[in-house]
Number of protein chains: 2
Amino acid sequence: MGPLDGYLPYLLNRAGARIATAFSEEVRPLGATLQTWRVLAALHERDGRRMGDLSETTSIEVSTLTRLVDGMEKKALVARRRDAADARAVTLHATPAGRRLTQRLLPIAERYEAVSLRGFEAREAEALKVALRRLYANMDALEKPRRQRG
Amino acid sequence: MGPLDGYLPYLLNRAGARIATAFSEEVRPLGATLQTWRVLAALHERDGRRMGDLSETTSIEVSTLTRLVDGMEKKALVARRRDAADARAVTLHATPAGRRLTQRLLPIAERYEAVSLRGFEAREAEALKVALRRLYANMDALEKPRRQRG
DNA sequence: TCAATTTATTTGTAAATGCAAATAATTACA
DNA sequence: TGTAATTATTTGCATTTACAAATAAATTGA
């Protein structure tokens, strides 16, 4: 076990990449990709999100997301609407076809959760999730300090 | 906190992506990218690795790695050598310039480790790393079963 | 109120990515 | 020993990605 095995970002990337690659292969026959799943999952959690919100939630860069959504719109999985409250913003909505695809992807996603956590006690799994949320939050410290608003 | 916050692959990707993005920005002024760092770190751990080994270690797909290494070779950070023992294989070696860049990146990487784990007890951090190694290993179960050799 | 600034999204463009096919060398075994 | 199968890497090519600039709308404050 070399130094890399003790380096957290390495372990994080490695585990994430492996799950991502396997999941991608698995959903390809359904005409889906990992990125479309991320968008659909975010809309399943809350439909009508803005592009910027989706970008933050899915960790997909906004300009990439724009073109990804273009493709999903062409496939009629989602629909863009101009936000009524703020005409700069666009909200994204799952269509019936999008929801059907989501329903097919959900059990696959659940299986990945189960397989990856195989052998974990419930409290170990929960501790891991708590730790991952802390990691994420800790990165605030390095974020480009944005001008305070308000 | 919606369903996504309880979904492990989501938490994993989100934390990994955030660290990756911040690290990328930070090393850009040094003429480095996250991917070149991954290659250099793998060679720092063990020089003279094969392309396939590097691909597995860095989670960079082999054909992508080939072209990444092309670029690093042009920048004289690494050098390819035909493996003496097996002429199909290519081994990669850090050059003096590559090692100098590695030395400049190491403290940044250490800082990312420290910042991301801020507030973690030593044993919590270790438990997290153990868990991430288990996750990775658990994915064996879903791997395309390759024909047994031997 | 209106000009300047900020915010949300899209577009331009070059680089990175990944699958599949091609190339090259080794190994297995008839 | 020589031919088929396997393994390691690279190349072809279409897609994805991300930075920067452009566009469009809202907000701020003189």
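Below, chains carry the letters A, B, ... as their sequence lines are ordered, and counting in each starts from 1.
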Sequence neighbours excluded, which residues qualify as ring-ring contact (aromatic ring centres under 6.0 Å, His included) partners of B/Y112? B/F23
Which residues satisfy the side-chain contact (heavy atoms from CB on, under 4.5 Å) test with B/D47, sequence neighbours excluded? B/L43, B/H93, B/A94
Find the distance B/E56:CD to D/dT7:C1' and express it as a whole number of Å. 14 Å
In whole Å, I'd like the distance from the CZ atom of A/R28 to the C1' atom of C/dC19. 7 Å
Sequence neighbours excluded, which residues qualify as side-chain contact (heavy atoms from CB on, under 4.5 Å) partners of A/D70? A/T66, A/R67, A/R80
Under the side-chain contact (heavy atoms from CB on, under 4.5 Å) test, which residues partner B/A141, sequence neighbours left out? A/V115, A/R118
Short of 4.0 Å, heavy atom to strand atom, which residues of residues 60-80 of chain B count as contacting DNA chain C? B/E61, B/S63, B/T64, B/R67
Five pairs per end, C1' atoms only: what is the angle between the end axes of the helix from C/dT1-D/dA30 to C/dA30-D/dT1, to 10 degrees? 20°
Any side-chain heavy atom of A/L128 within less than 4.5 Å of one from A/L117? yes
Test log, rule side chain to side chain contact (heavy atoms under 4.5 Å, CB included), inputs A/K75 and A/T36: CA-CA 11 Å; A/K75 285 185 168 184; A/T36 65; 6.0 Å; no
Ignoring hydrogens and geometry beyond distance, is a side-chain donor-acceptor pair present between A/Q35 and A/T33 at under 3.5 Å? no
Protein-nucleotide distance (B/R82, atom CZ; D/dA8, atom P), rounded to Å: 13 Å
Which pairs pass salt bridge (charged side-chain N to carboxylate O under 4.0 Å, His left out) with one or both residues in residues 100-112 of chain A, sequence neighbours excluded? A/E26-A/R111
Here the residues of residues 83-93 of chain A within 4.0 Å heavy-atom distance, strictly under, of DNA chain D are A/D86, A/A87, A/R88
Sequence neighbours excluded - ring-ring contact (aromatic ring centres under 6.0 Å, His included) pairs with any residue from residues 45-80 of chain B: none
Which of residues 31-51 of chain B sit near DNA chain D, with a heavy atom under 4.0 Å from it? B/R50, B/M51
Throw together a table of side-chain donor-acceptor distances under 3.5 angstrom for residues 8-21 of chain B, partners on residues two or more places apart or in other chains.
residue : atom : partner : partner atom : Å
B/R18   : NH1  : A/Y136  : O            : 2.7
B/R18   : NH1  : A/D140  : OD1          : 3.1
B/R18   : NH2  : A/D140  : OD1          : 2.7
B/T21   : OG1  : B/A17   : O            : 2.8

Among A/T91, A/T57, A/T58, which residue satisfies the side chain to side chain donor-acceptor pair (under 3.5 Å) criterion with A/R49? A/T57
With B/V130, which residues qualify under side-chain contact (heavy atoms from CB on, under 4.5 Å), at least two apart? B/E126, B/R133, B/R134
Would you call A/K129 and A/E113 a salt bridge, using N to O less than 4.0 angstrom? yes
